[in-house]
A.B. asks: 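This is the structure I want to talk about, given as structure tokens.
In what follows, every heavy atom counts, from backbone to side chain, and hydrogens, waters and symmetry copies are set aside. Just follow the structure's listing: the first ligand is 1, and inside any ligand the first atom is 1.
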Amino acid sequence: MSPDGGEEAGGAMSREEAARLLRQRLEMGATEVFLDGMTRAEALSMLTRAPRRATVPPPAVSATPVAARPATSSASAPALPEEYDDLRAMAMACTRCRLAEGRTQVVFSDGPSQARLMVVGEAPGANEDETGLPFVGAAGKYLDLLLATVGLSRAESVYIANVLKCRPPGNRNPLPDEIEACSPFLRRQIDLVRPEALLAVGSFAGQLLTGRERVSLGDLRGTVHSYHGVPLVVTYHPAALLRNPNWTRAFWSDLQLLRGVMDGAGGA
Ligand code: SF4
């Protein structure tokens, strides 16, 4: 599925991929791991024997968290800036993964950094790569419209960012090492924006922020999760809605859920 998509990245995992997944879960502070088809002994063995993927040096969140969440630092990786402008500048010059080679622009965010809601998508597409802004194509306009139906103005109340800041070639799916390299930027953005609520659109954003990488989007949506204390709703990517209009009702239901959370958090 393309960066504008919202479907699953299926397929069997290699031993190295499984080990990386387990390490990510631990670094994210997870206290439980789903071991589909794997015993606890096998998982522990994998963690101690498999080499860590070394193709991309991951930027680490520093040991001093801005928000009330556990730090996810790595002793060997440089810390990310504590100031928003410094973080943005660092991302705009980033060459930590292969996607730097083909991008036109780094797409860091759109919207006020003190927004009530933060929408997290997947990765820039062609329009975003060209303009430097997320969600500017047809899917973005549809998202604006849907948010407006629950009283959320994109211009005034919504901050938007993606899991990846650079466009994958041909709009292919993000690769695991690209997500590993880039997602610390997103995590620090969430720390600094500190929204009242998060809306993850599409499976990559939903799986990353819930820490449930093997759970389908259909199973993640329809409930309120917590991302280190911030209410999180997962739903379809608006581009997926354009391809599958039958999912619009479910999206609407998820927006109502989100709106209810935000109303409970402090009103409109
Ligand atoms: S996708 Fe993220 S990690 Fe990769 S070069 Fe762009 S900003 Fe850096």
Side-chain angles (χ1 to χ4, degrees), residues 1-6 9 17 20-21 23-24 27-28 52-62 66 71-74 76-111 113 118-137 139-140 159-193 198 200-209 211 213 227 237 239:
M1 182 54 56
S2 76
D4 287 337
E17 288 172 332
R20 180 192 55 74
L21 175 63
R23 286 195 183 86
Q24 280 184 334
E27 289 171 0
M28 291 164 64
R52 181 159 193 176
R53 190 189 298 267
T55 53
V56 179
V61 176
S62 76
V66 175
T72 54
S73 64
S74 165
S76 60
L80 291 179
E82 301 282 346
E83 299 295 330
Y84 182 88
D85 289 346
D86 294 338
L87 179 72
R88 185 177 188 282
M90 184 178 184
M92 298 303 285
C94 180
T95 57
R96 292 182 187 277
C97 84
R98 67 181 71 81
L99 297 181
E101 298 168 10
R103 74 187 180 212
T104 303
Q105 301 186 61
V106 174
V107 180
F108 186 70
S109 70
D110 187 37
S113 59
M118 184 166 175
V119 175
V120 179
E122 183 176 319
N127 291 321
E128 289 76 17
D129 179 63
E130 184 178 333
T131 61
L133 294 170
F135 286 88
V136 293
Y159 180 97
I160 302 182
N162 285 315
V163 173
L164 296 186
K165 311 303 185 203
C166 302
R167 183 191 183 198
N171 289 349
R172 64 158 169 75
N173 282 341
L175 298 178
D177 63 337
E178 294 162 356
I179 294 174
E180 183 178 5
C182 203
S183 59
F185 285 126
L186 174 65
R187 296 187 188 284
R188 180 51 56 90
Q189 281 175 288
I190 298 172
D191 281 348
L192 294 173
V193 174
L198 286 157
V201 295
S203 58
F204 284 91
Q207 290 169 347
L208 178 73
L209 295 185
E213 290 87 348
Y227 177 82
H237 195 287

A.B. asks: Would R103 count as a contact residue for ligand 1, given that I'm defining contact as a non-hydrogen atom of the residue lying under 4.0 Å from a ligand atom?
C.D. replies: yes
A.B. asks: With heavy-atom distances below 4.0 Å as the criterion, list the atoms of ligand 1 near C182.
C.D. replies: 1 (S), 2 (Fe), 3 (S), 7 (S)
A.B. asks: Any idea which atoms of ligand 1 are less than 4.0 Å away from a heavy-atom of A100?
C.D. replies: 5 (S)
A.B. asks: Does the shortest distance from atom 4 (Fe) of ligand 1 to an N/O/S atom of C94 fall below 2.8 Å?
C.D. replies: no
A.B. asks: Any side-chain heavy atom of V120 sitting closer than 4.5 Å to one from N162?
C.D. replies: no
A.B. asks: Could you check whether any side-chain heavy atom of D110 comes within less than 4.5 Å of a side-chain heavy atom of F135, counting everything from C-beta outward?
C.D. replies: no
A.B. asks: Are side-chain heavy atoms of R188 and Y84 found at a separation under 4.5 Å?
C.D. replies: no
A.B. asks: Looking at E178 and R96, is there a salt bridge between them, counting it only when a charged N and a carboxylate O are closer than 4.0 Å?
C.D. replies: no
